[in-house]
Number of protein chains: 2
Amino acid sequence: MYEKKIPENLDCGISVCMKVMGGKWKAWIIECIHDGIKRPSKIHRQMETEGASLRVITMHLKELEDLGVLYKKIYPGTPLRVEYYLTEVGMSTLPLIKAMSQWGREKRAYLLQGERNAYLATN
Amino acid sequence: MYEKKIPENLDCGISVCMKVMGGKWKAWIIECIHDGIKRPSKIHRQMETEGASLRVITMHLKELEDLGVLYKKIYPGTPLRVEYYLTEVGMSTLPLIKAMSQWGREKRAYLLQGERNAYLATN
DNA sequence: TCGGGCATGGAAAAATTTTTCACTATACAC
DNA sequence: GTGTATAGTGAAAAATTTTTCCATGCCCGA
């Protein structure tokens, strides 16, 4: 387990939000589960074309579960089956994720068009 | 300059959004500038209590300028003065940042309360 | 019995981000 | 002259995240 060396500062709402939705794959995992893809192996199959490793998915699922964003249902027996669901707080991320996603789609072309020049103030 | 080894995938709106607002300090820098703290040295003084280095602020300002989220006004002369402002697209991040910040503040207590237990399905 | 799928975890490597430090250059105040 | 302030860069170190690889344990099908 990796231990932080610089203590996390979660005083600020943005840091808290980023802890849940930041990172390379977390928002996608939340979206997957919302879309009904609730088992780790399925989530992985959904995202491995994009390059997500199963390991990182496992780690994020655990982290999101510990935060109370997801809850986990275990079906005992073999092969062991597990399903993740959004908690109420998990659901409350959806409008935000949708808004971020839409903003990104809307602004992408502009943002990626290249470098800009500075203005020279002449006063 | 650091060169990416895994190509960035910006097909997805969330990745684009995270490119602008993710990272440890970017959202704060945008907020600072919106609050009228527009010069690098001022921004640094504002955030150094939190641990932000001047270097990372400089780098993020440049990145956000290249993306067209900020524009830069240069006042020639010495000491050289520079001011950053939000572009129209920069402004459009504000509702999102506000929403993230508010969400984080609202859910912080819940999210940080500790680990959770899985449900054992009994069917 | 061998190979597959299931969920998960340790450990190390690789990739990326952030920090720290050293440096440029100019002008002003003391 | 020395110290300060301005904005910025390069290089290396440190911190963090993500990937890769390997291992566990169990059952099912060939």
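Throughout, protein chains are lettered first and strands after them, A, B, ... in sequence-line order, and every chain is numbered starting at 1. Every value quoted in this text rests on a predicted model; they were computed, and no experiment measured them.
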Residues of residues 10-32 of chain B with a heavy atom under 4.0 Å from any atom of DNA chain C, listed by number, are B:G23, B:K24, B:W25
Q) Checking side chain to side chain donor-acceptor pair (under 3.5 Å) for the pair B:E83/B:Y75: CA distance, chi angles, key distance, verdict? A) CA-CA 8 Å; B:E83 287 178 350; B:Y75 296 86; 3.2 Å; yes
task = Tell me whether B:I37 is reachable from B:L54 by hopping between hydrophobic residues (I, L, V, M, F, W, Y) whose side-chain heavy atoms are closer than 4.5 Å.
result = no
Can you check whether B:V56 reaches B:H60 side chain to side chain, under 4.5 Å on heavy atoms? yes
Mind checking B:L54 for me? I need base, sugar-phosphate or nothing, with any heavy atom below 4.0 Å counting as a touch.
nothing
Chain B vs DNA chain D, heavy-atom contacts under 4.0 Å, first-to-last nucleotide span, 5' to 3', is D:dT6 to D:dA11
pair A:S53-A:T58: side-chain heavy atoms closer than 4.5 Å
no
A:H60 NE2 to C:dA7 P, in whole Å, measures 18 Å
Shortest non-hydrogen pair, B:M91 vs B:P95, comes out as O-CD, 3.6 Å
Protein-proximity profile, nucleotides 22-30 of chain C, B/S/- by nucleotide at the 4.0 Å heavy-atom cutoff, equals ----SS---
Residues B:R108 and A:L10: closest non-hydrogen pair is NH1-O, 3.0 Å
When rounded to whole Å, the CG to P distance for the pair A:L61 and C:dG9 reads 11 Å
A:I57 CD1 to C:dC6 C1', in whole Å, measures 15 Å
Within the 6.0 Å centroid threshold, strictly below: B:Y71 and A:Y119: yes
_It should be established whether A:S41 places a side-chain nitrogen or oxygen under 4.0 Å from OP1 or OP2 of nucleotide C:dC6._
yes
Separation of C:dT8 atom P from A:K62 atom NZ, nearest Å, is 10 Å
Nearest heavy-atom approach of B:L94 to B:H34 is CD1-CD2, 3.5 Å
Rounded to the nearest 0.5 Å, the CD1 atom of B:I14 sits from the NZ atom of B:K19 at a distance of 16.0 Å
Does atom CD (A:Q113) have a neighbourhood of more than 12 heavy atoms from anything else shown, all under 6.0 Å?
yes
From NZ of A:K42 across to C1' of C:dA7 the rounded distance in Å is 14 Å
Item checked: Aromatic A:Y110 / basic A:R105 pairing, under 6.0 angstrom, 45° off normal -> no
Rounded to whole Å, the CD1-P distance (A:I43 to C:dG5) equals 18 Å
